[in-house]
Amino acid sequence: MQQRLGVNVDHVATLRQARRATYPDPVTAAAIAEMAGAHQITIHLREDRRHIQERDLRLLRETCQTALNLEMAATQEMVKVAYEVKPDLVTLVPERREELTTEGGLDVANQRDALAQLIRHLRDGEIEVSVFIDPDLDQIRAAHKVDADRVELHTGRYCEARNAGERQRELERLVDAAKAATKLGMGCAAGHGLNYDNVQPVVAISEIDELNIGHAIVARAVLVGLDRAVRDMLALMRRA
Ligand code: PXP
């Protein structure tokens with residue numbers, strides 16, 4: 001089974017926000033990703049709004065042709081936003097202001113009651129809910145208990161493994177977690193830190209039906225697009 005690819009366009013917005021400019025627009029990037037075959041567009045509307053803005057979310061809701069996956073903190077403020085915009089899927093992620101990116105999965109096991117209530121609320125609004133968790137069996141069981149439709153397994157430790165043995169152990173944790181999640185009837189995605197060198201062993205885990213990848217794709221787009229971008233500027237200068 002071919003896994004679905006969710007393209008995370010947050011870092012297109014990072015580039016825009018670096019200059020507080022109007023481009024590059026993550027909405028345009030999302031359309032191009034879809035035309036290239038992406039199955040889903042993923043964005044993280046962070047509390048500090050460091051990359052994706054509410055404007056992006058609202059426009060993407062109108063323009064997205066595939067499915068829109070909104071990563072968000074498990075807060076009432078964000079539930080309100082989700083209720084207004086109605087993404088196809090909400091992925092609950094932990095969020096700390098000072099972190100560079102999402103570090104570690106959501107601790108579902110330690111906040112079961114609050115999460116169960118929040119997830120019920122989202123599902124009442126006909127929004128599918130996933131929780132972003134470490135590949136840990138206690139967290140998988142907790143995700144099932146709070147009635148999550150899906151889990152997304154955090155692949156960060158696998159991606160950051162310093163040697164082959166460590167990488168293999170982390171891969172096995174992903175395999176076990178994916179098997180446990182699907183056995184409990186939940187859908188299973190994976191993501192974080194996946195790139196062109198490390199993605200294939202994760203693709204081989206048949207229980208995983210979706211990958212969400214952002215940084216590596218946007219980073220490659222900058223390099224594969226640079227030659228053309230320089231040529232376009234030179235052509236314009238020659239014509240002046
Ligand atoms: N999945 C989740 C839940 C994330 O928080 C992120 C990072 O925003 C990703 C996938 C994508 O990670 P990366 O940008 O490293 O590919």
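Sequential numbering from 1 along the given sequence is applied to the chain's residues. Quick caveat: nothing in here was measured; it's all calculated off a predicted structure. Order of listing sets the numbers, starting from 1, for every ligand and every atom in it.
Distances below 4.0 Å separate heavy atoms of N212 from the following atoms of ligand 1: 10 (C), 11 (C). Every atom of ligand 1 is numbered from 1 in the order shown, and the set under 4.0 Å from a heavy atom of I213 is 16 (O). For ligand 1 and V93, the ligand atoms under 4.0 Å from any heavy atom of the residue are 3 (C). For ligand 1, the atoms lying closer than 4.0 Å to a non-hydrogen atom of E152 are 1 (N), 2 (C), 3 (C), 10 (C). Ligand 1 places these atoms under 4.0 Å from at least one heavy atom of H192: 6 (C), 7 (C), 10 (C), 12 (O), 15 (O).
With sequence neighbours left out, D227 forms a side-chain hydrogen bond (donor to acceptor under 3.5 Å, both in side chains) with R231. With sequence neighbours excluded, no residue forms a side-chain hydrogen bond (donor to acceptor under 3.5 Å, both in side chains) with K145.
The shortest separation from a heavy atom of G193 to ligand 1 is under 4.0 Å, placing the residue in contact.
Taking the centre and axis of the six-membered ring of Y158, the NZ or CZ atom of R173 falls outside the cone set by 45° and 6.0 Å.
Using a 4.0 Å cut-off between a side-chain N of Lys or Arg and a carboxylate O of Asp or Glu, E71 and R46 do not qualify as a salt bridge.
At least one N or O atom of H215, backbone or side chain, sits closer than 3.5 Å to an N or O atom of ligand 1.
Nearest to atom 6 (C) of ligand 1 by heavy atom, out of H11, E71, R46, is E71.
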Applying side chain to side chain contact (heavy atoms under 4.5 Å, CB included), run through T91 and L70 and close with a yes or a no.
-> CA-CA 6 Å; T91 301; L70 173 63; over 6 Å; no

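Side-chain contact check for T42 and N69: at least one donor-acceptor pair (N or O, by modelled atom type) lies under 3.5 Å.
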